[in-house]
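Inspection log for the structure reproduced underneath, given as structure tokens.
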Amino acid sequence: MPNSSPATDNPTLAQLLQRRSCWPLTTPAPSADELGLILDAAARAPDHAGLVPWRMTLLQGDARHALLQRVLSHPQAQTEAVQSMRGKYTSKLTTAPVVLVLHAHIQDHPKAPEFEQLLAAGGAYTNVLNAAFALGYGAFWSSTPGALGQLLHSVLGLGPNDRMLGLLNLGTRVNPLVAARRVARDTYVSEWRGD
Ligand SMILES: Cc1cc2nc3c(=O)[nH]c(=O)nc-3n(C[C@H](O)[C@H](O)[C@H](O)COP(=O)(O)O)c2cc1C
């Protein structure tokens with residue numbers, strides 16, 4: 001199998017092969033209808049036993065700043081380590097016009113263990129990235145460094161079966177799109193021929 005991508009005139013696949021993460025992001029945000037479509041794409045992820053483990057808490061406008069303030073004023077945030085991260089937390093929670101706090105709700109299931117539910121959630125969020133890109137918006141999936149994940153878990157009132165999986169920011173790209181450097185396919189695919 002050659003390692004370079006063959007040409008395709010399939011527009012869906014061509015777009016998928018060009019997807020990039022973009023940061024920073026600004027207004028305009030996706031319209032309500034566009035955002036609905038982007039979020040609906042999550043529900044087309046493969047999902048063992050139909051448990052719908054992916055969850056997203058949607059933040060827009062002033063709610064982003066309100067959540068940041070709740071995070072920073074949380075009793076567990078009154079440490080030097082957290083306060084030294086104020087700038088980073090502010091950037092992650094208030095730069096893009098739309099912020100999705102990503103979490104997975106894990107259920108006990110005899111055939112779908114936790115790791116499969118986390119994989120399904122990852123697939124759902126990747127669909128969100130691809131849908132945003134398809135509509136011409138920028139998106140970026142990032143971690144919750146330091147104590148941010150635990151603080152968001154607490155401020156959002158999540159439970160013991162909820163796992164924080166990061167932040168997905170959505171908005172308009174500030175910088176021009178730079179083509180992705182392709183990873184050679186044989187880095188991640190090996191063919192087993194039975195000999
Ligand atoms: C779960 C997860 C967490 C991530 N966290 C960060 C992060 O905190 N900071 C960062 O620079 N990139 C992070 N990334 C990587 C970016 O989202 C992005 O994939 C990377 O910059 C490569 O860009 P590309 O998607 O255009 O190839 C994360 C990716 C995943 C899947």
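FYI, side chains are in, hydrogens and waters are out, and symmetry mates aren't considered; it's all heavy atoms of this structure. Whatever order the structure lists them in is the order used to number ligands and atoms, beginning at 1.
Ionic pairing of R163 and E114 is present here: one or more N-O contacts between side-chain nitrogen and carboxylate oxygen are shorter than 4.0 angstrom.
Grouping Ile, Leu, Val, Met, Phe, Trp and Tyr residues whose side-chain heavy atoms lie under 4.5 Å apart, directly or via other members, places L93 in a hydrophobic cluster with L59, L67, L68, V71, L72, V82, M85, Y89, V99, V101, L148, L151, L152, V155, L156, L158, M164, L167.
Closest approach of S143 and P145 over heavy atoms only: O-CD, 3.3 Å.
Ring pair Y125/W141 is perpendicular by interplanar angle, where above 60° counts as perpendicular and below 30° as parallel.
With hydrogens and angles left out, the side-chain atoms of H103 and D162 include no donor and acceptor closer than 3.5 Å.
For ligand 1, the protein residues placed under 4.0 Å by at least one non-hydrogen atom are R19, R20, S21, K92, F140, W141, S142, S143.
Atoms SG and CG, from C22 and N175 in turn, are 8.5 Å apart once rounded to the nearest 0.5 Å.
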